[in-house]
Asks: 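Structure below; questions to follow.
All values below were derived from every heavy atom in this structure, side-chain atoms included, with hydrogens, water molecules and symmetry-related copies excluded. In what follows, residues are counted from 1 in the order of the sequence shown.
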Amino acid sequence: MSRKISEKNKHPKDRLKELRKYLGLTQEKMAVAIGLNQANIRDLELGKVKISTLHALAMQNIFDLSPDWLLTGKGKMLCEDHKKTKNVSPALVRALQSHPGIGKIVLMLEQMGDDDIKNIQSRAEERLKIKKMEERLRKMEKKIRETS
């Protein structure tokens, strides 16, 4: 028989599981979103590994979670400016699942300054232009081969 855990007796591991279930995520999907693996989330939820401030901040950035709530139980689960994360997160999770490194990249970007991010964005845009030009060149070469 299961009994409801009172808010005062709840541990961070219990709040983590509550957050995950609220968002409708599996351990694996949550792990991908914050740059971990499923075993890490399992260990956090079981209390084998203590939930750190870094974990809480990563979840704040991805899920709009209140780190204070996760670590202490004080306040609300989601930040005040929360805009229906539950509806946004599945799209985010799908994007993160298709490219597992994105979660780690997001965490790294959060630690960078604006100039660094602008530099990365500029280089990424240049790389996309090059890829588009390469694709056009391949198509032109294919047409030339077909006509000769």
Side-chain angles (χ1 to χ4, degrees), residues 1-140:
M1 172 157 116
S2 69
R3 66 181 189 114
K4 190 171 179 175
I5 300 169
S6 75
E7 193 64 38
K8 286 190 175 204
N9 294 331
K10 214 182 244 193
H11 296 280
K13 65 185 182 90
D14 301 312
R15 288 188 289 276
L16 175 62
K17 188 171 187 176
E18 182 180 339
L19 169 72
R20 181 176 60 76
K21 291 192 178 273
Y22 171 80
L23 295 171
L25 300 175
T26 63
Q27 287 180 344
E28 184 176 351
K29 288 180 181 179
M30 177 177 259
V32 169
I34 62 172
L36 298 174
N37 62 45
Q38 183 271 330
N40 297 135
I41 298 297
R42 179 197 64 221
D43 289 347
L44 290 168
E45 286 185 359
L46 291 174
K48 290 182 179 180
V49 175
K50 185 178 177 186
I51 297 172
S52 70
T53 303
L54 184 60
H55 291 123
L57 292 174
M59 289 181 226
Q60 176 188 28
N61 292 328
I62 302 296
F63 304 121
D64 224 6
L65 166 78
S66 167
D68 198 36
W69 175 83
L70 180 63
L71 297 171
T72 68
K74 295 178 183 172
K76 295 181 180 180
M77 177 192 297
L78 301 172
C79 295
E80 291 300 316
D81 61 348
H82 171 68
K83 301 260 191 305
K84 299 195 180 204
T85 301
K86 190 170 183 176
N87 293 332
V88 174
S89 64
L92 173 63
V93 169
R94 280 193 300 278
L96 292 165
Q97 281 182 313
S98 61
H99 303 290
I102 290 177
K104 290 178 183 175
I105 291 170
V106 169
L107 293 174
M108 287 186 278
L109 288 173
E110 287 293 328
Q111 297 171 12
M112 293 182 169
D114 289 341
D115 289 340
D116 293 326
I117 292 172
K118 286 177 185 175
N119 186 13
I120 291 169
Q121 183 179 3
S122 174
R123 288 178 183 220
E125 287 169 355
E126 288 173 16
R127 181 68 185 125
L128 285 173
K129 286 178 187 176
I130 291 169
K131 286 182 85 165
K132 286 178 183 179
M133 289 171 39
E134 289 171 342
E135 183 61 30
R136 281 189 230 136
L137 182 58
R138 277 192 290 278
K139 287 179 181 180
M140 289 172 56

Asks: Could you grab the distance from atom CG of Asp68 to atom CD of Gln60, nearest 0.5 Å is fine?
Replies: 10.5 Å

Asks: Apply side chain to side chain contact (heavy atoms under 4.5 Å, CB included) to residues Leu16 and His55 and explain how you reach the verdict.
Replies: CA-CA 10 Å; Leu16 175 62; His55 291 123; over 6 Å; no

Asks: Who pairs with Gln27 by side-chain hydrogen bond (donor to acceptor under 3.5 Å, both in side chains), at least two apart in sequence or on another chain?
Replies: Gln38, Glu45

Asks: Can you name the nearest heavy-atom pair linking Ala31 to Ile41, along with the distance?
Replies: CB-CG1, 3.6 Å

Asks: Tell me whether Glu18 is salt-bridged to Arg15, with the criterion being a basic N under 4.0 Å from an acidic carboxylate O.
Replies: no

Asks: If I take atom CG from residue Leu44 and atom CZ from residue Arg20, how far apart are they, to the nearest 0.5 angstrom?
Replies: 11.0 Å

Asks: Donor-acceptor pairs under 3.5 Å, side chain of residues 112-120 to any protein atom, not counting sequence neighbours: which ones?
Replies:
| from | atom 1 | to | atom 2 | distance (Å) |
| --- | --- | --- | --- | --- |
| Asn119 | OD1 | Arg123 | NE | 3.2 |

Asks: To the nearest 0.5 Å, how far apart are CG in Leu57 and OG in Ser52?
Replies: 8.0 Å

Asks: Would you say that Lys76 contacts Ser66 through its side chain, given a criterion of any heavy-atom pair below 4.5 Å between the two side chains?
Replies: no

Asks: Holding to side-chain hydrogen bond (donor to acceptor under 3.5 Å, both in side chains), I want the full list of residues that pass it with Arg127, two or more places apart in sequence or in another chain.
Replies: none

Asks: How long is the gap from CG on Leu137 to CD1 on Ile130, to the nearest 0.5 Å?
Replies: 13.0 Å

Asks: Applying the side-chain contact (heavy atoms from CB on, under 4.5 Å) test to Phe63, which of Leu70, Ile34, Leu78 qualifies?
Replies: Ile34

Asks: Taking Asn40's backbone N and O only, do any of them form a donor-acceptor pair with Asp43's side chain (distance below 3.5 Å, no angle check)?
Replies: no

Asks: Please find the pair of heavy atoms, one from Lys29 and one from Thr26, that lie closest to each other, and give the distance.
Replies: N-OG1, 3.0 Å

Asks: Set out, in order, the CA-CA distance, both residues' side-chain angles and the distance that settles side chain to side chain contact (heavy atoms under 4.5 Å, CB included) for His11 and Ile51, then state yes or no.
Replies: CA-CA 10 Å; His11 296 280; Ile51 297 172; over 6 Å; no

Asks: If you count the non-hydrogen atoms of other residues, nucleotides and ligands that lie under 6.0 Å from NZ in Lys13, is the total more than 12?
Replies: yes

